[in-house]
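For ligands, and for the atoms within them, numbers begin at 1 and follow the listed sequence. Both backbone and side-chain heavy atoms feed into the values below; hydrogens, waters and symmetry mates do not.
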Amino acid sequence: MPAVVIVGAQWGDEGKGKATDLLGDRLDYVVRYNGGNNAGHTVVIGSEKYALHLLPTGILTPTLVPVIGNGVVVDLGVLFEEIDLLTARGVDTSRLLVSANAHLITPYHTAIDKVVERFLGEAKLGTTGRGIGPAYADKMSRVGVRVQDLFDENILRQKVDSALKSKNQLLTKVYNRKAIDSEAVVQELLSYAPRLAPLVADTALLLHNALRDGRTVLLEGGQATMLDVDHGTYPFVTSSNPTTGGACAGSGIAPREITRAIGVLKAYTTRVGEGPFPTELHDAWGDRLRENGGEFGTTTGRPRRCGWFDAVIARYAARINGLTDFFLTKLDVLSGIESIPVCVGYRVGATTYDEMPVSQSDFHHAVPVYEELPGWSEDISTVTDFDDLPKNAQSYVKALEDMSGTPISAVGVGPGRTQTLVLRDLV
Ligand code: IMP
């Protein structure tokens, strides 16, 4: 009854889709437990590239059941758009299940996300503008609309009417925008109900039974540790808990069922949106990582901020998530760099830190303490065995493993499904 969690160890875009996809053949269920269509998983299979935002990557593996858990916020327009796009490319999406308790992102959530960011100006968070924060805010304020509400028209109308009463005041009086017509929202949501009905399930019960029957369940986190609303760089975070604790709450699987927690870790660091990032590079090195690593957002197309590897963050992610393994991705992007700096601590004024500073203000002012590791010049994208990597590439991986205190069990050397060196079984 293995339940395995895959979680981003940095600020997202570590290549979680590739890690999930690698395990595909050994899994029975793949569950998304947090976030919504702010995520961006890119999976390359042969010459086909799939960019998924909301659907679990498991949708691409015909033998398993993809599940959208209760912790996800679902934009139904996006859900059916992704389903239609995949269907047009010959992917069978009929196994997909959606939790009856998942909350919906409605047109007013997206409108508010965009308007608030504009209103904040310089102080903006750099959200994806997909309505994620406002939908989670409504969930916590107990005025959200859930998947199951679509099947009780009266309840749906009551909930949308009541939510829009205050939101329209906000939109018109504070943000100087047009009010949103409640009935139009209700009709839009109802129009999805017939297509949604066959997908809706008590997914927590289903997963419980699956684990009891010895099935393998993968819990696939959106975003990442440093974007966690509790453990990330608040307020420059998303509005959910991508960390392993969130995997339990967002799926209904109990903590004691989790058998493995895999952190996906890029061989350098990237981040999109605003917020502190100690190892960020504002020079030609940053441009080089961005170009060689194709560091442009899957969801928004925004260029990602790039910097060197940060071992303090890797250690922190290992601790917060209780990681059993790391999956190191994009090692090939570092080929051709003579000497590679790796951040081993921070200096803030006269103080040196080897853990995350407790104060966010200190983290904003953290100056990285670097150690230089010797690089390699060879193209490693065709290597199939860890022992065939150049010695310095092997040492780089081993050094990161030592610094983070957690075994690196797989190493990505290119975007393709087969470009992964497996050092230890992940399930
Ligand atoms: P939101 O999730 O759209 O509210 O955005 C909040 C912050 O999380 C912003 O800095 C986004 O750029 C960031 N973010 C959200 N989803 C992802 C992701 O999948 N990868 C990387 N950053 C993300």
Side-chain angles (χ1 to χ4, degrees), residues 6-20 32-43 50-57 71-75 78 82 103 105-106 109-120 122-140 220-243 246 250 263-266 268-277 280 290 293-307 313 317 329-330 360 363-364:
I6 285 197
V7 58
Q10 295 151 322
W11 276 286
D13 310 309
E14 296 91 350
K16 294 182 288 289
K18 185 172 157 68
T20 308
R32 275 220 39 201
Y33 58 82
N34 78 301
N37 55 310
N38 51 345
H41 291 307
T42 308
V43 184
Y50 298 90
L52 301 175
H53 302 291
L54 175 59
L55 291 172
T57 43
V72 175
V73 283
V74 183
D75 183 324
V78 173
E82 285 197 357
H103 279 247
I105 300 177
T106 69
H109 294 123
T110 321
I112 290 169
D113 195 359
K114 289 186 179 142
V115 104
V116 169
E117 279 285 273
R118 230 172 286 142
F119 192 76
L120 285 171
E122 287 280 285
K124 71 177 193 295
L125 300 176
T127 74
T128 57
R130 303 294 197 260
I132 306 296
Y136 277 114
D138 275 6
K139 172 176 174 174
M140 292 309 174
E220 176 185 63
Q223 295 79 52
T225 305
M226 300 303 284
L227 290 171
D228 186 283
V229 69
D230 284 277
H231 302 291
T233 45
Y234 189 91
F236 302 101
V237 292
T238 193
S239 298
S240 65
N241 289 115
T243 47
V264 185
L265 188 65
K266 215 179 273 193
Y268 49 97
T269 315
T270 63
R271 145 161 235 181
V272 284
E274 310 301 318
F277 177 0
E280 181 171 15
R290 189 173 308 108
E295 298 296 354
F296 298 89
T298 319
T299 299
T300 59
R302 289 183 285 182
R304 295 180 185 139
R305 300 158 63 192
C306 296
I313 287 175
T329 58
K330 292 198 159 181
Q360 182 77 13
F363 192 60
H364 272 269

Under 4.0 Å from a heavy atom of [X]: which atoms of ligand 1 are those, numbered in the order shown and with their elements?
| X | result |
| --- | --- |
| W11 | 21 (C), 22 (N) |
| V272 | 10 (O), 12 (O), 21 (C), 22 (N) |
| G273 | 10 (O), 12 (O) |
| D13 | 20 (N), 21 (C) |

Completion exercise
salt bridge (charged side-chain N to carboxylate O under 4.0 Å, His left out) filter on E117, not counting sequence neighbours, yields none
Problem - Qualifying residues under salt bridge (charged side-chain N to carboxylate O under 4.0 Å, His left out), relative to D228, sequence neighbours excluded - result: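 In terms of salt bridge (charged side-chain N to carboxylate O under 4.0 Å, His left out), with neighbours along the sequence ignored, D228 is linked to no residue.
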[X] near ligand 1 by a heavy-atom separation under 4.0 Å:
| X | result |
| --- | --- |
| A39 | yes |
| G126 | yes |
| F236 | no |
| R304 | no |

Between [X] (side chain only) and [Y] (backbone N and O only), is there a donor and an acceptor less than 3.5 Å apart?
| X | Y | answer |
| --- | --- | --- |
| R32 | N34 | yes |
| K16 | Q223 | yes |
| K266 | G15 | no |

Practice task
Please state which part of R271 comes within less than 4.0 Å of ligand 1, counting heavy atoms only: side chain, backbone, both or neither.
Solution key: neither
Handout entry: Identity of the nearest option to atom 6 (C) of ligand 1, non-hydrogen atoms only, from N34, L125, V237, T270
Key =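 It is V237 that holds the nearest heavy atom.
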Problem - ligand 1 to R130 polar contact by distance, N or O atoms, under 3.5 Å - result: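 N/O-N/O distance below 3.5 Å does not exist for this pair.
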Exercise for the section: If the plane angle is over 60° it's perpendicular, under 30° parallel, otherwise tilted; pick one for W11 and F277. Expected result: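 Rings of W11 and F277: tilted, 30 to 60°.
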Practice task
Would you give the length of the straight line joining atom OG1 of T238 to atom CZ of R130, rounded to the nearest 0.5 angstrom?
Solution key: 12.0 Å
